[in-house]
Every structure is written in C-alpha cells, then in structure tokens.
Amino acid sequence: QVQLVESGGGLVQTGGSLRLSCAASGRTFSNYAMGWFRQAPGKEREFVAYINWNGGRTYYADSVKGRFTISRDNAENTVYLRMNSLKPEDTAVYYCAATIRDSTLVAPTEGFYDYWGQGTQVTVSS
C-alpha cells in the first residue's frame with residue numbers, strides 16, 4: 001500500500017553534507033510516522049532517526065544527534081534526512097521506513113515499521 005523510494009545518496013568527503021529524500025506513495029502519507037535506518041558493510045542495520053506523523057516529535061540515535069536532522073513535507077509526500085559533518089563511519093546503505101504507529105520508545109526497533117524502501121548508498125571518504 002505504501003511505496004518508499006530513497007534518493008540523494010552518493011560520495012562525499014569527510015565533513016561534507018548530504019540530504020537524503022524518501023518519496024512515499026499514497027494520499028495517506030501524512031498518517032504515517034517515518035524512520036531512517038542504516039546498514040554499514042559487515043554490520044547489522046541500526047536506527048538513525050524518527051519523526052512522527054506531523055513532525056512534532058523526533059528522535060535520534062546518539063551517534064548522529066546534533067549532526068543529522070529528520071524532517072518531512074507532507075504536501076510533497078517526502079521525508080528528508082539532512083546529514084552534516086559526515087564521518088567515514090557514516091558510510092552505509094540508508095533505508096527509510098514507515099509505520100502507522102507513533103512511539104519514540106519503540107522507534108529504534110525494526111519490527112515497529114510496516115514498509116521499507118530499497119535503500120540508498122552513502123559513502124564518506126576519509
């Protein structure tokens with residue numbers, strides 16, 4: 001029912017910035033909370049950021065807090081992840097995910113989400 005397509009990944013140097021986008025299908029996009037996850041080579045997928053249905057509540061992993069900003073534009077059916085001060089350890093495939101639920105407590109759990117995008121590669125050179 002909900003299709004998610006990430007874009008905006010690429011190759012940047014340490015200290016640079018990127019803005020990832022996740023375009024969602026469906027006229028009910030505004031009813032969904034959204035999350036960003038990432039998976040680095042040889043590592044398990046980890047939580048990055050969360051935003052509720054109207055953008056009033058956000059939650060970040062400690063590893064990205066202060067550097068990354070999640071936002072959404074419901075009129076455009078799009079959620080964003082602005083990444084500043086990028087480090088080589090940020091290199092990963094980044095996934096967006098959607099859930100009809102709303103909880104910052106459970107947001108870091110993969111099972112909380114109902115729909116996932118295909119991922120977009122972010123590579124930070126040292």
Side-chain angles (χ1 to χ4, degrees):
Q1 293 180 347
V2 177
Q3 295 175 321
L4 306 173
V5 180
E6 302 96 333
S7 63
L11 175 64
V12 298
Q13 63 184 16
T14 298
S17 298
L18 281 176
R19 188 181 73 164
L20 305 183
S21 299
C22 177
S25 66
R27 62 179 182 176
T28 60
F29 171 77
S30 62
N31 293 333
Y32 290 84
M34 303 291 296
W36 284 97
F37 288 74
R38 66 186 183 185
Q39 187 167 24
K43 295 186 176 181
E44 297 181 350
R45 186 156 50 185
E46 66 174 344
F47 168 77
V48 176
Y50 168 87
I51 188 167
N52 81 324
W53 70 276
N54 68 354
R57 292 187 294 277
T58 59
Y59 182 73
Y60 298 91
D62 289 340
S63 60
V64 306
K65 192 175 300 181
R67 299 189 298 121
F68 291 10
T69 302
I70 188 171
S71 62
R72 67 190 299 159
D73 186 341
N74 287 346
E76 297 291 334
N77 290 348
T78 303
V79 63
Y80 303 97
L81 184 68
R82 178 67 178 181
M83 305 183 295
N84 295 325
S85 302
L86 283 164
K87 308 173 182 178
E89 50 263 44
D90 295 318
T91 295
V93 176
Y94 283 71
Y95 301 88
C96 68
T99 176
I100 198 170
R101 295 172 288 276
D102 184 5
S103 173
T104 55
L105 178 65
V106 191
T109 303
E110 293 181 38
F112 183 58
Y113 300 88
D114 304 297
Y115 305 97
W116 293 82
Q118 83 289 348
T120 186
Q121 176 71 47
V122 172
T123 302
V124 184
S125 62
S126 59

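Nothing here was measured: the structure is a model prediction, and the numbers come from that model.
Summarising the geometry, atom CD belonging to Glu44 is positioned 8.0 Å from atom CD belonging to Gln39; distances are rounded to the nearest 0.5 Å. Note: Leu4 CG to Thr78 OG1 = 10.5 Å, rounded to the nearest 0.5 Å. The OH atom of Tyr60 sits 13.0 Å away from the OG1 atom of Thr104 when rounded to the nearest 0.5 Å. Between atom CG of residue Asp90 and atom CZ of residue Arg38 there is a gap of 4.5 Å, rounded to the nearest 0.5 Å. Here Trp36 contributes atom CH2 and Leu20 contributes atom CG; the two are 4.5 Å apart, rounded to the nearest 0.5 Å. In this structure, the separation between CZ on Arg45 and CD on Glu110 is 4.0 Å, given to the nearest 0.5 Å.
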Give the intermediate values and the outcome of side chain to side chain contact (heavy atoms under 4.5 Å, CB included) for residues Trp53 and Ile100.
CA-CA 8 Å; Trp53 70 276; Ile100 198 170; over 6 Å; no
Show your reasoning for whether side chain to side chain contact (heavy atoms under 4.5 Å, CB included) applies to Arg101 and Val106.
CA-CA 10 Å; Arg101 295 172 288 276; Val106 191; over 6 Å; no
Is there a side chain to side chain contact (heavy atoms under 4.5 Å, CB included) between Thr91 and Gln121? Walk through the geometry before answering.
CA-CA 8 Å; Thr91 295; Gln121 176 71 47; 4.0 Å; yes
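Annotation for Tyr113 and Ala107: closest pair OH-O, 2.8 Å, computed over non-hydrogen atoms. The minimum heavy-atom distance linking Tyr59 with Pro108 is given by the pair CE2-CG, 3.6 Å. Of all non-hydrogen atoms in Leu81 and Ala49, the two that sit nearest each other are CD1-CB, 4.2 Å. When all heavy atoms are compared, the tightest approach of Met34 to Val79 is CE-CG1, 3.7 Å. In plain terms, the two heavy atoms of Pro88 and Ser126 that are nearest each other are CG-CB, 3.7 Å.
Using a 30° and 60° split on the angle between ring planes, Phe112 and Tyr50 fall in the tilted class, from 30° to 60°. Relative orientation of the Tyr32 and Tyr115 rings is perpendicular, given thresholds of 30° and 60° on the angle between their planes.
Tracing side-chain contacts under 4.5 Å through hydrophobic residues (I, L, V, M, F, W, Y), one reaches Val64 starting from Leu86; they form part of the same cluster. Following chains of ILVMFWY side-chain contacts shorter than 4.5 Å, one can reach Leu18 starting from Tyr94, so the two form part of one hydrophobic cluster. Hydrophobic clustering of Ile, Leu, Val, Met, Phe, Trp and Tyr side chains at less than 4.5 Å, counting indirect connections, keeps Tyr95 apart from Phe68. Linking ILVMFWY residues whenever their side-chain heavy atoms come closer than 4.5 Å, directly or via other members, leaves Phe37 and Val2 in distinct clusters. The hydrophobic clustering, which links ILVMFWY residues whose side-chain heavy atoms are closer than 4.5 Å, places Ile51 and Met83 together.
Remark: side-chain polar atoms of Thr14 are paired, donor with acceptor, to backbone N or O of Ser125 under 3.5 angstrom. Without hydrogens or angle criteria, Arg67 side chain to Ser85 main chain gives a donor-acceptor distance under 3.5 Å. No donor-acceptor pair closer than 3.5 Å links the side chain of Thr109 to the backbone N or O of Gly111. Asn74 places no side-chain N or O within 3.5 Å of a backbone atom of Asn77 that could act as its donor or acceptor partner. Side chain of Thr120 to main chain of Gly9: a donor-acceptor pair is present (N/O by atom type, distance under 3.5 Å, no hydrogens or angles).
Residue Gln118 qualifies as enclosed at atom CD: its count of foreign heavy atoms under 6.0 Å is above 12. Atom CD of Gln13 has 12 or fewer neighbouring heavy atoms from other residues, nucleotides or ligands inside a 6.0 Å radius.
For residues 43-126, every residue pair satisfying the disulfide bond (SG atoms under 2.5 Å apart) rule, not counting sequence neighbours, is listed here: Cys22-Cys96.
Contact check on Asp62 versus Lys65 returns a salt bridge, with a Lys/Arg side-chain nitrogen under 4.0 Å from an Asp/Glu carboxylate oxygen.
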